[in-house]
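Have a look at the structure below, then the notes.
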There are 2 protein chains.
Amino acid sequence: MNEKEAQLIEASIDLFAQEGFWNTPTARIAKHAGVATGTLFNYFESKDVLIDAVYRQLKQEWKTYLLAGYPQDGTLKERVEHIWFRHIDWGLHFPLRYSLMMQLKLSDLVSHEMQQSQEAELAFAYEMIVQGIAAGELIDTDPAYLGQIFYAQLEAAVSYATDHNLSGMPLTRHITQGFEIFWQGVTP
Amino acid sequence: MNEKEAQLIEASIDLFAQEGFWNTPTARIAKHAGVATGTLFNYFESKDVLIDAVYRQLKQEWKTYLLAGYPQDGTLKERVEHIWFRHIDWGLHFPLRYSLMMQLKLSDLVSHEMQQSQEAELAFAYEMIVQGIAAGELIDTDPAYLGQIFYAQLEAAVSYATDHNLSGMPLTRHITQGFEIFWQGVTP
DNA sequence: AAATTTAGATTGATTGGTCAGTCATTACTG
DNA sequence: CAGTAATGACTGACCAATCAATCTAAATTT
């Protein structure tokens, strides 16, 4: 990826997260990235294409962060717990990125194709759930629903930690307790 | 509330939910409501004020729906379960309204004052949780966090039911099971 | 090694279109 | 007929996207 392209995406993340997509003119993005307005359109066909690129970048950073140190051969609980911790960690380390990713999810701004291609990257999580159910370690429900519950609880945990500025021990306790609540719910 | 005012809010809900706030010009809202563009601004000082009115209306309808048949003197579980069922019911009966309410929640379009005043209306739910914890019927966590978990799971349940077009028996089973997962998680 | 050509990247003023909000005029209504 | 509500053409501001001009640096020639 070109350096200017990366700067433009970075500037977009900053501005979209702080001002919202509809309130940030392409001219401001270009300025914030230190290039001319025309340059933006050399790299991205349109503003819509730019937002797809932003979304892809966020999702990829996020996924990479989640998988760092993933205990491939751990127990199911260990693996799920790892994702739980890493996700919350990411949300607290990169609040702008996190809130933008959340907003984009609901917003219809990201193309259908991009949404799908990014979702496909999470197949491993789905597999994990399927196996957990097969092994009797998770309650027998549609894996898609369990995945959604997992994610929903995660969002709640992050937004609570953010709202209450948790850090240090209280944060660790909150994360652990949140996970236990989730685990107790989906475990026979 | 004036009839035209109500029509304008109704039209806004329709269009905002389907096209998004930023893609629906005030002119189209007025047309859809059967009035002239100028009339809209007789009733709402600006587009921003209109969206506040839309939000208030949605929240109020929602709250009314939730509380219909509320078992004031039932057990804690019965009361929570009632809210659970009614919320999902509302989401499935009024998908446009539901999705708009979700979007507005994250969007920063609703004024801070309106957000707060509507949140204050949910004090009864908070009270319920506090009492549940005091009585040892719920695990000992910050009531605010339990509330957030409750809501997050509810969203997951609605979006799953919507995505899979559930109805009849499968729907009932899904709702009940979702509640059991939640309840098992937050109960000692 | 200097001079010249070439291809591609960068620039930002400009354009064409959109839209929130206005206000002079018209239509009701009691 | 007075007062209130409704109308819709209009305005000023904003912005995505364009494109002719300019710059840069690599390639080629003298």
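A note on names: the letters A, B, ... follow the listed sequences, proteins ahead of strands, and every chain is numbered from 1.
The distance between atom CG of Asn2(B) and atom C1' of dA5(D), rounded to the nearest whole Å, is 10 Å. In this structure, Gln7(B) atom CD and dA5(D) atom C1' are separated by 14 Å, rounded to whole Å. To the nearest angstrom, P of dG8(D) lies 17 Å from CD1 of Ile29(B).
Nucleotides of DNA chain C that come within less than 4.0 Å of any heavy atom of chain B span, from the 5' end to the 3' end, dC19(C) to dT22(C).
Residues satisfying the side-chain hydrogen bond (donor to acceptor under 3.5 Å, both in side chains) criterion with Ser111(B), sequence neighbours excluded, are Asp52(B). Residues satisfying the salt bridge (charged side-chain N to carboxylate O under 4.0 Å, His left out) criterion with Glu155(A), sequence neighbours excluded, are Lys105(A). His82(B) meets the ring-ring contact (aromatic ring centres under 6.0 Å, His included) test with Tyr70(B); sequence neighbours excluded. Considering only residues two or more places apart in sequence or on other chains, Tyr151(B) meets the side-chain hydrogen bond (donor to acceptor under 3.5 Å, both in side chains) condition with none of them. For Tyr98(B), the ring-ring contact (aromatic ring centres under 6.0 Å, His included) partners two or more places apart in sequence, or in a different chain, are His87(B). Here His32(B) pairs with nothing under the ring-ring contact (aromatic ring centres under 6.0 Å, His included) rule; sequence neighbours left out. Scored by the side-chain hydrogen bond (donor to acceptor under 3.5 Å, both in side chains) test, Glu45(B) finds no partners at all (sequence neighbours excluded).
Applying a 4.0 Å cut-off to non-hydrogen atoms, none of the residues of residues 11-26 of chain B approaches DNA chain D. Using a 4.0 Å cut-off on heavy atoms, the residues of residues 37-57 of chain A that approach DNA chain C are Thr37(A), Gly38(A), Thr39(A), Asn42(A), Tyr43(A), listed by number.
Sequence neighbours left out, the pairs with a member in residues 8-31 of chain A that pass side-chain hydrogen bond (donor to acceptor under 3.5 Å, both in side chains) are Glu10(A)-Arg97(A). Sequence neighbours left out, the pairs with a member in residues 164-186 of chain A that pass salt bridge (Lys or Arg N to Asp or Glu O under 4.0 Å) are Lys77(A)-Glu180(A).
The phosphate of dA6(D) has OP1 or OP2 within less than 4.0 Å of a side-chain N or O from Lys4(B).
Below 30°, between 30° and 60°, or above 60°: for Trp84(A) and Phe179(A) the angle between ring planes is above 60°, a perpendicular geometry.
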